[in-house]
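Excluded from the calculations below are hydrogen atoms, water molecules and symmetry mates; all remaining heavy atoms, backbone and side chain alike, are included.
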Amino acid sequence: MRLTLGCIRRADEQFGMIEKDDRIAVGVSGGKDSLLLLNALALYRKFCKNPFELEAICLGLGYEPFDVSGVQALCDRLEVPFTYRKTDIKEVVFDIRKETNPCAMCAKLRRGALNNLAKEHGCNKVALGHHREDVVETFLMSLFFEGRLHLFAPVTYLSRVDVTVIRPMIYVPEKHIIQLARKLELPIIHNPCPADGYTKRQEMKEMLNAICRQIPTARQYMLNALKNTAQYGLWDKCGQDD
């Protein structure tokens with residue numbers, strides 16, 4: 001956990017993620033990344049120079065079974081309020097719209113529902129569990145499938161809902177998350193989405209793994225390169241989505 005907390009502190013201090021009296025909603029999907037982020041932020045609030053409040057929010061997308069009792073127990077142990085809200089996102093994406101490429105629409109609907117729920121609970125920030133590999137994979141996806149150079153910003157202000165999205169784990173290696181999630185016995189919920197494992201992001205993950213088998217330092221060097229382009233606006237300190 002020391003490595004995770006060190007990476008979070010580094011990101012926080014570099015990008016000014018957490019400010020005094022923030023009320024931060026952690027978007028909990030039930031996966032390893034968001035559960036570790038929740039655990040880490042619950043510890044980080046004990047020594048962060050800026051005092052902040054924490055809440056966990058989770059969306060049910062309409063897949064069954066989706067048992068959140070383990071997440072509720074974790075939140076009780078961490079003394080973090082937990083809110084679970086059912087949605088009809090699965091029905092909209094697969095049954096009504098019958099999307100052939102469901103991931104983009106699902107992600108858009110989930111972001112909107114998550115941000116609105118956070119605002120409803122008086123939170124001014126939403127923390128997401130994107131890690132180091134997510135940064136590089138997102139860049140590769142934009143390059144190969146959109147023909148542009150794009151990254152998500154570590155801090156993004158959403159003017160429509162007056163909420164700021166932060167990504168405190170952007171320096172945490174996914175390998176470390178996998179090991180720590182197993183060690184901490186986090187209550188991971190299996191992803192019931194039929195598209196899981198068959199996405200463009202999964203293709204980029206496999207491509208990146210193949211590159212790193214030849215060049216073990218590729219992930220870190222690619223992240224360093226992306227950070228070095230900040231002066232060109234590729235990875236801004238704070239983005240804004242109007």
OG1 on Thr87 to CG on Leu109, rounded to 0.5 Å: 8.5 Å

Pairwise distance OG1(Thr4) to CG(Leu180) - rounded to 0.5 angstrom: 5.0 Å

Separation between NE2 of His130 and CD of Glu137, rounded to the nearest 0.5 Å: 10.0 Å

Cluster link Ile18 to Met1, ILVMFWY, side chain under 4.5 Å: yes

Between CD1 on residue Ile8 and CD1 on residue Ile170, distance to nearest 0.5 Å: 10.5 Å

Side-chain heavy atoms of Glu19 within contact of Asn124, under 4.5 Å: no

Pro154 side chain reached by Met17 side chain, heavy atoms, under 4.5 Å: yes

Arg23 CZ to Glu53 CD distance, which is reported to the nearest 0.5 Å: 5.0 Å

Non-hydrogen side-chain atoms of Phe139 and Val135 separated by less than 4.5 Å: no

Qualifying side chain to side chain donor-acceptor pair (under 3.5 Å) pairs, either residue in residues 108-119, two or more places apart: Lys119-Asp162

4.5 Å side-chain heavy-atom contact, Pro51 and Arg45: no

Any donor-acceptor N or O pair under 3.5 Å, side chains Asp22, Asn50: no

ILVMFWY cluster, Leu3 and Leu43 together (side-chain gap under 4.5 Å): no

Residue that, paired with Tyr171, satisfies side-chain hydrogen bond (donor to acceptor under 3.5 Å, both in side chains) out of Gln220, Arg9, Gln14: Gln14

Shortest non-hydrogen contact between Cys58 and Val68, atoms and distance: SG-CG1, 4.3 Å

4.5 Å side-chain heavy-atom contact, Glu55 and Cys123: yes

Parallel, tilted or perpendicular: ring planes of Phe47 versus Tyr44, cut at 30 and 60 degrees: perpendicular

Nearest atoms (heavy-atom pairs only) where Leu41 meets Ala127: CD1-CB, 4.0 Å

pair Arg219-Asn209: side-chain heavy atoms closer than 4.5 Å: yes

Single-linkage hydrophobic cluster, 4.5 Å side-chain cutoff, Ile178 and Met169 together: no

Heavy-atom check, side chain of Ile166 versus side chain of Lys125, under 4.5 Å: yes

Residues forming a salt bridge (Lys or Arg N to Asp or Glu O under 4.0 Å) with Arg85, sequence neighbours excluded: Glu120

Charged N-O contact under 4.0 Å between Glu133 and Lys205: no

Heavy-atom closest pair, residues Ala40 and Leu5: O-CD2, 3.4 Å

Side chain to side chain donor-acceptor pair (under 3.5 Å) pairs, two or more places apart, involving residues 24-43: Ser29-Ser34, Lys32-Glu174

Path from Tyr221 to Leu208 over hydrophobic side-chain contacts below 4.5 Å: no

Linked, directly or transitively: Leu143 and Met222 (ILVMFWY side chains, under 4.5 Å): yes

Atom pair CG (Leu114) and CD1 (Ile57), whose distance is rounded to the nearest 0.5 Å: 4.0 Å

Pair Glu13 + Lys49, salt bridge at N-O below 4.0 Å: no

Pairwise side-chain contact, Asp67 with Ile189, heavy-atom cut-off 4.5 Å (strictly under): no

Donor-acceptor pair, side chain of Arg167 and main chain of Ala153, under 3.5 angstrom: yes

